[in-house]
Amino acid sequence: MQPFRAIAVFYHVARLNSIVGAAAQLNVTPSAVSQQLKALEEQIGTALITRRGRNVGLTEAGERYFEMISDKVEGIMRATDAIQGRQQQATLVIRATPTISSKWLLPRLTRFMERLPDTNLRIDGSNEPVDFTRNNVDLEIRHGLGGWPGLYTEPLTEERFVPVCAPDMAAAASLMPAEVLRLPRIRSVKAQVQWSAWAEAQGLGAAPEARLSFDRSHMAIDAACLGYGVALESELMIEAELASGRLVVPVARTPLLRVATQWLVCPRSHLRRHRVTRLIEWLREEAADWRQSSPAENVEYLK
């Protein structure tokens with residue numbers, strides 16, 4: 001019979017990909033962790049861990065073993081906490097930019113809590129990319145165009161960028177494209193699609209400089225709702241504003257400017273965590289549902 005302590009030590013090392021991290025979580029020395037791993041490997045008769053300098057990985061046998069024991073170890077830990085009267089729910093940590101956190105993720109959290117009732121969620125609203133070797137984050141929704149080596153990346157969904165303004169500034173589908181550029185315009189500095197691309201796709205040449213600029217899209221969206229100008233924004237971020245009528249698309253036809261700018265990002269080792277994979281599955285479903293019901297579906301796009 002394998003000693004549970006050694007199995008638990010292996011579980012923490014495999015989950016964190018770190019002997020030092022597991023030692024800190026278990027409140028023991030890294031040397032003690034290494035000794036427990038060695039004893040478990042000798043008893044099982046095969047190597048479970050590979051060491052590459054300070055980095056730790058799993059062998060093929062270690063991967064299979066972790067998959068077989070993780071749910072059982074977590075169940076024992078929850079049962080122990082319950083008997084001792086401690087908090088029973090696990091916590092998932094997501095980092096996402098303030099804009100997608102407030103504009104897209106927050107309205108959907110009721111369904112998340114229904115799907116994973118035994119899991120607490122902490123949202124870290126930050127524009128700084130996660131350093132997964134230093135930050136305690138399970139999954140990041142990262143803004144950008146992808147291509148982060150060494151990490152698992154998956155686009156959340158493709159988005160379309162459309163001009164939007166308050167209905168008091170211009171009614172829906174009431175303007176010609178050139179008239180949009182004569183309105184006060186709002187720029188999201190970090191957006192992946194800028195007014196210059198929209199103007200070029202409309203055949204209008206260079207776009208005049210925007211009157212207001214923000215380094216956070218949620219501020220640009222709020223400014224457009226307040227009537228300060230017309231913003232070029234991702235439909236992913238303006239779902240509620242379009243649905244409520246606080247924002248409208250002032251042109252009847254707009255170029256199809258489509259790109260994935262929000263990505264699910266984590267180390268591949270995090271995909272071994274059952275709750276992380278369930279979270280990713282939930283986000284996929286939410287993105288698919290959003291795609292089918294986006295208020296911007298009624299806009300005619302020029303291809």
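- For the residue pair T91/R122, the side-chain donor-acceptor check at 3.5 Å is not satisfied.
- Rounding to the nearest 0.5 Å gives a distance of 13.0 Å between OG of S213 and NZ of K190.
- Looking only at atom types and distance, the side chain of T261 has a donor-acceptor partner in the side chain of E159 under 3.5 Å away.
- With respect to R95 and E128, no salt bridge is recorded, no charged nitrogen being found less than 4.0 Å from a carboxylate O.
- Both L106 and L156 are part of a single hydrophobic cluster, where members link through side-chain heavy atoms under 4.5 Å apart.
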**Message:** Working note: R142 + T153, criterion side-chain contact (heavy atoms from CB on, under 4.5 Å); need CA distance, chi angles, decisive distance, verdict.
**Reply:** CA-CA 9 Å; R142 183 176 293 186; T153 60; over 6 Å; no
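- Side-chain contact check for Y152 and E154: at least one donor-acceptor pair (N or O, by modelled atom type) lies under 3.5 Å.
- Annotation: the span from E233 atom CD to L242 atom CG amounts to 10.5 Å, rounded to 0.5 Å.
- A heavy-atom distance below 4.5 Å is found between the side chains of I280 and L139.
- Linking ILVMFWY residues whenever their side-chain heavy atoms come closer than 4.5 Å, directly or via other members, places V162 and I100 in the same cluster.
- Other residues, nucleotides and ligands contribute more than 12 heavy atoms inside 6.0 Å of the CG atom of D131.
- The 12-atom threshold is exceeded at CD of E285, counting heavy atoms of other residues, nucleotides or ligands nearer than 6.0 Å.
- Counting Ile, Leu, Val, Met, Phe, Trp and Tyr side chains that sit under 4.5 Å apart, directly or through other members, V137 shares a hydrophobic cluster with V93, V130, F132, W148, L151, W263, V265.
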**Asked** After noting the C-alpha distance and the side-chain angles of R278 and R273, does the key distance pass the side-chain contact (heavy atoms from CB on, under 4.5 Å) rule?
**Response** CA-CA 9 Å; R278 290 177 68 191; R273 305 178 187 179; over 6 Å; no
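- A chain of hydrophobic side-chain contacts below 4.5 Å, direct or via other Ile, Leu, Val, Met, Phe, Trp or Tyr residues, connects M237 to I123.
- How far CZ of R187 is from OG of S196: 8.0 Å, rounded to the nearest 0.5 Å.
- Within 6.0 Å of CG on D215 lie more than 12 heavy atoms contributed by other residues, nucleotides or ligands.
- Between F10 and F66, the two ring planes are perpendicular [angle over 60°; tilted spans 30° to 60°].
- A 4.5 Å side-chain heavy-atom check between L232 and S188 finds every atom pair outside the cut-off.
- Hydrophobic cluster membership differs between L183 and V248, with clusters built from Ile, Leu, Val, Met, Phe, Trp and Tyr side chains linked at under 4.5 angstrom.
- The six-membered or imidazole ring of F161 lies away from that of W198, with a centre-to-centre distance of 6.0 Å or more.
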**Request:** Begin from the C-alpha positions of E63 and R272 and carry the test salt bridge (charged side-chain N to carboxylate O under 4.0 Å, His left out) through to its verdict.
**Result:** CA-CA 9 Å; E63 292 274 5; R272 297 196 295 263; 3.2 Å; yes
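- V20 and V28 fall into different hydrophobic clusters, where Ile, Leu, Val, Met, Phe, Trp and Tyr side chains are chained together by heavy-atom contacts under 4.5 Å.
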**Request:** Would you sort out whether V164 and E241 count as a side-chain contact (heavy atoms from CB on, under 4.5 Å), showing the intermediate values?
**Result:** CA-CA 10 Å; V164 288; E241 289 78 7; over 6 Å; no
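- Look at E281 and R115 and you find no salt bridge, because none of the NZ, NE, NH1 or NH2 atoms lies under 4.0 Å from a carboxylate O.
- In terms of heavy-atom proximity, T254 sits nearest to Q202 at CA-NE2, 4.0 Å.
- Note on D222 versus R246: no salt bridge recorded, every NZ/NE/NH1/NH2 to OD/OE distance being 4.0 Å or above.
- A donor-acceptor pair under 3.5 Å is formed between the side chain of T59 and the backbone N or O of A47.
- Side chains of I186 and V230 form no contact here, defined as non-hydrogen atoms less than 4.5 Å apart.
- Inter-residue side-chain proximity for K103 and I238 is flagged as unmet; no heavy-atom pair is nearer than 4.5 Å.
- In terms of heavy-atom proximity, C266 sits nearest to D138 at CB-O, 3.5 Å.
- When all heavy atoms are compared, the tightest approach of L257 to A201 is CD2-CB, 4.3 Å.
- Side-chain contact of W290 with E286: a donor-acceptor pair under 3.5 Å is absent, judged by distance alone.
- Within the 3.5 Å criterion, the main-chain N or O of A170 finds no donor-acceptor partner in the side chain of S174.
- Nearest heavy atoms, P250 versus P163: CD-O, 3.3 Å.
- Using a 4.5 Å heavy-atom threshold, the side chains of R211 and R185 count as separate.
- How far CG of L279 is from NE2 of H270: 12.5 Å, rounded to the nearest 0.5 Å.
- In terms of heavy atoms, S70 sits closest to E67 at OG-O, 3.7 Å.
- Partners of Q262 under the side chain to side chain donor-acceptor pair (under 3.5 Å) rule, at least two apart in sequence or in another chain, do not exist in this structure.
- F112 is not listed as a side-chain neighbour of L283, based on a closest heavy-atom distance of 4.5 Å or more.
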**Request:** Please step through side-chain contact (heavy atoms from CB on, under 4.5 Å) for the pair V13 and V33, ending with a clear verdict.
**Result:** CA-CA 8 Å; V13 171; V33 169; 3.6 Å; yes
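- Residues S126 and T97 form no side-chain contact, since every pair of their non-hydrogen atoms from C-beta on lies 4.5 Å or further apart.
- Here the shortest heavy-atom pairing between S34 and R51 reads OG-NH2, 4.2 Å.
- Proximity of V251 to V180: side-chain heavy atoms (C-beta onward) are separated by under 4.5 Å at one or more points.
- A 6.0 Å sphere centred on CD of E179 holds more than 12 heavy atoms belonging to other residues, nucleotides or ligands.
- Rounding to the nearest 0.5 angstrom, the gap separating the CG atom in L58 from the CD1 atom in I49 is 5.0 Å.
- In this structure, CG in L109 is found 11.0 Å from CD in E114, a value given to the nearest 0.5 Å.
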